[in-house]
2 protein chains.
Amino acid sequence: MLSKKTKYGLKALTYIARSKDEIPVQVGEIAKSEQIPQKFLESILLTLRKAGFLGSKKGKHGGYYLRKEPSEILMTEVMRVLEGPIAMVPCVSLNFYEKCDDCVDEHACSVHKLMIQVRDSTLQVFRNTTLADLSSK
Amino acid sequence: MLSKKTKYGLKALTYIARSKDEIPVQVGEIAKSEQIPQKFLESILLTLRKAGFLGSKKGKHGGYYLRKEPSEILMTEVMRVLEGPIAMVPCVSLNFYEKCDDCVDEHACSVHKLMIQVRDSTLQVFRNTTLADLSSK
DNA sequence: ATTAATCCTATCGATTTAATAGGAATTACA
DNA sequence: TGTAATTCCTATTAAATCGATAGGATTAAT
């Protein structure tokens, strides 16, 4: 299940990408427009800023803006920051690999085999989708 | 993240599919072999039985057996029983659809668009995989 | 009868998630 | 210079979910 954090984060990024003006977009504006609890959204945008997707301007007339072109913001990267591993089990994760406690032979594990396929097909979607795709109507 | 319930369930189904004998497979045997807490596994196999994948025999020398050929047990069905919806958000779920509270226009929602793609690519894997594929080495 | 298995319900502890609270730091501008 | 508006940061909380356990009831073989 996609977390609200990720859902809100994607919506916010889309919102910012669509607002082409040079002036930063304020949290309050996004929260109102997208029906997101403002304080929660604040923390999400903070995460996205620290991850390098967003820049911010503080104080009056402050807000957030994209640091890259939408077409250069890949869903693989956004999803890993907001949602964590793309794989459904750590033992098939490319970026967050962990061995299973059980599972003597990873290679013989039926779950492993299946989840590699799921991971790859999901990755293919995320690798071929950028924020530009999301924000185009 | 894949739940332990689903992981254990898939492993157990694979185990039963691989044991070709006519005699039912006991929970204790699976639990020991696959390193799964026995009581937890009991409840999972019960779920799989109620869903029609497994039959059971009670009492001494009892256990579980498959009710269909492994090649007729689709991952779409197993995953929906064990893990629930395949989609990452209810608003793109085929079998468990729910409208979002926020989201005025589903059609214009960027998350919706993305998650439909993820759902479809995941479905493609599950639709093309049966228990026979999992249990083949 | 006794033993061994499934069946069933309830509960518990830990973790995660979603959200809230409260203010500190910074900036615009009157 | 002061006030309002905004981001920044940390801590806390309420609710939900998950993984596992407990304790037997029921059923069947020997």
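Convention: sequence-line order gives letters A, B, ...; per-chain numbering from 1.
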- Does Tyr8(A) make a side-chain N or O approach to OP1 or OP2 of dA19(C) shorter than 4.0 Å? yes

- dT6(C) phosphate, OP1 or OP2: any side-chain N/O from Arg49(B) under 4.0 angstrom? no

- Of residues 84-92 of chain A, the positions that come close to DNA chain D - non-hydrogen atoms, cut-off under 4.0 Å: none

- May I ask you to decide if Ser135(B)'s main-chain N or O and Arg18(B)'s side chain share a donor-acceptor pair within less than 3.5 Å? yes

Quick check for you: among [options], whose closest atom lies nearest to any side-chain atom of [X]?
| X | options | value |
| --- | --- | --- |
| Pro37(A) | dT6(C), dT20(C), dT26(C) | dT20(C) |
| Lys39(A) | dC7(C), dT27(C), dG23(C) | dG23(C) |
| Phe40(B) | dA20(D), dA28(D), dA25(C) | dA20(D) |
| Lys4(A) | dT6(C), dG22(C), dA19(C) | dA19(C) |
| Lys57(A) | dA28(C), dT7(D), dA19(C) | dA28(C) |

- Query: Quick one: does Lys60(A) reach the base of dG2(D) with a side-chain donor-acceptor pair under 3.5 Å?
  - Reply: no

- Determine the contact category for Lys50(A): base if any of its heavy atoms lies under 4.0 Å from a base atom, sugar-phosphate if only primed atoms, P, OP1 or OP2 are that close, otherwise nothing. sugar-phosphate

- Indicate yes or no: at least one non-hydrogen side-chain atom of Arg119(B) is less than 4.5 angstrom from one of Ser93(B). no

- Message: Show the nearest heavy-atom pair for residues Val118(B) and Met88(B), with the distance to one decimal.
- Response: CG1-SD, 4.1 Å

- Pairwise salt bridge (charged side-chain N to carboxylate O under 4.0 Å, His left out) hits with a residue in residues 79-89 of chain B, at least two apart: none

- More than 12 heavy atoms of other groups within 6.0 Å of Gln124(B) CD: no

- Query: Pick the nucleotide of DNA chain D nearest each of Gly63(A) and Ser43(A); which residue has the one closer to the 5' end?
  - Reply: Gly63(A)

